[in-house]
Amino acid sequence: MIAVAESAVTWRWQGAWSAKDIFHEYALDYARKVREMSGGRLRIEVLPANAVVKPFDLLAAVHKGVLDGGHAVPNYWYGKNPAFSLFGSGPALGMDANNFLAWMRYGGGKALYDELLTRVMNFNVTGFLYGPMPTQPLGWFSKRIDSAVQLRGIKYRTTGLAVELFREMGTAAEELPAQETAPALAHGRIDAAEFNNPTSDRWLGLADAAKICMLQSYHQPAEVFEILVNRKRYDALPDDLKAIVNHATDASSADLSWKALHRYSEDYAWLQRERDVKFHRTPPDVLRAQLRAWGKLVERISRDNPIGEKVIKSQLAWARRTVGWLQEATVDSRMAYEYWFMKAGASSGGKR
């Protein structure tokens, strides 16, 4: 034990999230898995947002070695190259986040991500994408949204490529860090906002700033998390610890998705019960407007951004094959849910 303690490598990381956010908890979960899998030989200290740098400066801090690593989402680096947003926050092609990660592993996505990060942008960073997120809501509003026309001209918070998407739809969209979103909405600086999920939205205070949440959207249907490690620090590890850093992302992906299902559904019910939040499904008119806007953005990116064009072509080929198969092979969950819980069978355990 003494020998292990003396030879242990300790990394100092920062996340892009408040210490109260479940996203910070996900980062701590990953660090714990690495420590346990390595027998304590590799330890990661995870700091919350703003402990060293602001969230949008995290990638640069890891690149420069100010931090050994970080926990964020590729969407936050949109300002450095719009192609970053294609890695989890790109066009709605029918993929969910788990399918996106399958493309990363088996469809050529990882090679394109590495090309963007290291060869196109020359960042001294090794990156790993993991942690499938559920479909994100359209967001929080003062009144129910029934058509795309209602979005025109409103001041709306989102991030990355979604800013361009909503601007294409006529919205005055702007990018804000998570921690600034609820105060901006409460004080009227913005009219509406989205962040991610019921648990994060609860702790950010969005339910105190607005009481209408529109569920379902095509602006970020397949987002994932990103682990960033300074490349020199990563390359200095022995091969077995490199493997642990890598494979811990797979274990964390599974655990994260299970925890999210548990916690998000709990807080979805809590927000309705304790904060009188009204949840509504985003109408088809808005979803169709989003798809039209995505079509224009895909054309623009394919024309103006060479690495972005490569990513989109690869994703289109993967989605055509895999989403087509999934839609044919996957049974309708809504029909089963309605049978057991929303009709006469609900009172008798589904028996009729």
Side-chain angles (χ1 to χ4, degrees), residues 16 56-65 67-93 95 97-133 159-165 220-237 239 242-243 245-250 252-253 294 297-323:
F56 290 165
D57 295 330
L58 188 56
L59 176 58
V62 176
H63 164 70
K64 296 174 183 177
L67 291 161
D68 299 317
H71 187 270
V73 290
N75 206 29
Y76 277 13
W77 326 132
Y78 169 81
K80 301 180 185 302
N81 190 313
F84 277 112
S85 277
L86 300 176
F87 289 94
S89 297
L93 306 177
M95 293 190 292
N98 198 52
N99 194 349
F100 168 82
L101 288 173
W103 168 74
M104 283 292 296
R105 178 66 60 85
Y106 295 106
K110 182 63 164 66
L112 290 168
Y113 171 72
D114 290 343
E115 180 180 348
L116 171 62
L117 192 64
T118 61
R119 294 204 293 276
V120 175
M121 300 304 298
N122 295 312
F123 284 117
N124 181 40
V125 173
T126 297
F128 304 91
L129 300 188
Y130 86 109
M133 301 186 199
T159 61
L161 194 54
V163 172
E164 299 301 320
L165 178 79
Q220 287 175 315
E223 193 168 18
V224 298
F225 290 99
E226 180 181 46
I227 287 170
L228 302 167
V229 184
N230 179 275
R231 195 185 314 141
K232 290 182 179 178
R233 309 285 198 278
Y234 178 78
D235 289 345
L237 293 176
D239 288 344
K242 287 180 183 175
V245 169
N246 191 341
H247 294 308
T249 61
D250 293 342
S252 296
S253 270
W294 269 126
L297 286 182
V298 164
E299 289 182 6
R300 189 183 309 160
I301 293 170
S302 297
R303 182 185 66 240
D304 300 337
N305 190 313
I307 183 64
E309 180 184 24
K310 292 170 68 173
V311 172
I312 288 171
K313 284 183 176 179
S314 179
Q315 289 179 345
L316 283 168
W318 177 264
R320 175 185 285 273
R321 173 164 59 88
T322 62
V323 176

Given side chains that start at C-beta, do those of [X] and [Y] come closer than 4.5 Å, heavy atoms only?
{"X": "Trp294", "Y": "Leu161", "value": "yes"}
{"X": "Val245", "Y": "Thr126", "value": "no"}
{"X": "Val311", "Y": "Phe87", "value": "yes"}
{"X": "Ser89", "Y": "Pro74", "value": "no"}
{"X": "Leu59", "Y": "Glu226", "value": "no"}

Donor-acceptor check, side chain of [X] to backbone of [Y], threshold 3.5 angstrom: yes or no?
{"X": "Gln315", "Y": "Pro91", "answer": "no"}
{"X": "Arg233", "Y": "Leu67", "answer": "no"}
{"X": "Thr249", "Y": "Asn246", "answer": "yes"}
{"X": "Ser85", "Y": "Ala162", "answer": "no"}

* To do: Test Trp318 against Asn99 for side-chain contact (heavy atoms from CB on, under 4.5 Å), laying out the working first.
  => CA-CA 9 Å; Trp318 177 264; Asn99 194 349; 2.7 Å; yes
For the residue pair [X] and [Y], what are the closest heavy atoms and their distance?
{"X": "Val224", "Y": "Val73", "value": "O-CG1, 3.4 Å"}
{"X": "Val125", "Y": "Arg231", "value": "N-NH2, 3.6 Å"}
{"X": "Leu117", "Y": "Gly127", "value": "CD2-N, 3.7 Å"}
{"X": "Gly107", "Y": "Ser314", "value": "O-OG, 3.3 Å"}
{"X": "Thr159", "Y": "Gln220", "value": "OG1-NE2, 3.9 Å"}
{"X": "Arg300", "Y": "Glu164", "value": "NH1-OE1, 4.1 Å"}

* Describe, in one word, how the ring planes of Tyr130 and His71 are oriented to each other, choosing from parallel (under 30°), tilted (30 to 60°) and perpendicular (over 60°). => perpendicular
* Measure up the Phe84 and Phe123 rings against each other and bin them: parallel (under 30°), tilted (30 to 60°), perpendicular (over 60°). =>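 Phe84 and Phe123: tilted rings.
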Nearest 0.5 Å please: distance from the [atom1] atom of [X] over to the [atom2] atom of [Y].
{"X": "Asp235", "Y": "Lys242", "atom1": "CG", "atom2": "NZ", "answer": "5.0 Å"}
{"X": "Leu101", "Y": "Phe225", "atom1": "CG", "atom2": "CZ", "answer": "11.0 Å"}
{"X": "Asp304", "Y": "Glu309", "atom1": "CG", "atom2": "CD", "answer": "10.0 Å"}
{"X": "Glu115", "Y": "Ile307", "atom1": "CD", "atom2": "CD1", "answer": "3.5 Å"}
{"X": "Asn122", "Y": "His63", "atom1": "CG", "atom2": "NE2", "answer": "8.5 Å"}
{"X": "Leu112", "Y": "Met104", "atom1": "CG", "atom2": "CE", "answer": "8.5 Å"}

* Asked: Should the pair Arg105 and Trp103 be classed as cation-pi, given the thresholds of under 6.0 Å to the six-membered ring centre and 45° from the axis?
  -> no
* Would you sort out whether Phe56 and Tyr76 count as a ring-ring contact (aromatic ring centres under 6.0 Å, His included), showing the intermediate values? => CA-CA 6 Å; Phe56 290 165; Tyr76 277 13; 4.7 Å; yes
* To do: Begin with the C-alpha distance, continue with both residues' side-chain angles, and end with the deciding distance and a verdict on side-chain contact (heavy atoms from CB on, under 4.5 Å) for Leu86 and Ile312.
  => CA-CA 8 Å; Leu86 300 176; Ile312 288 171; 3.9 Å; yes
* Take atom NZ in Lys310; do more than 12 heavy atoms of anything else shown fall under 6.0 Å from it? -> no
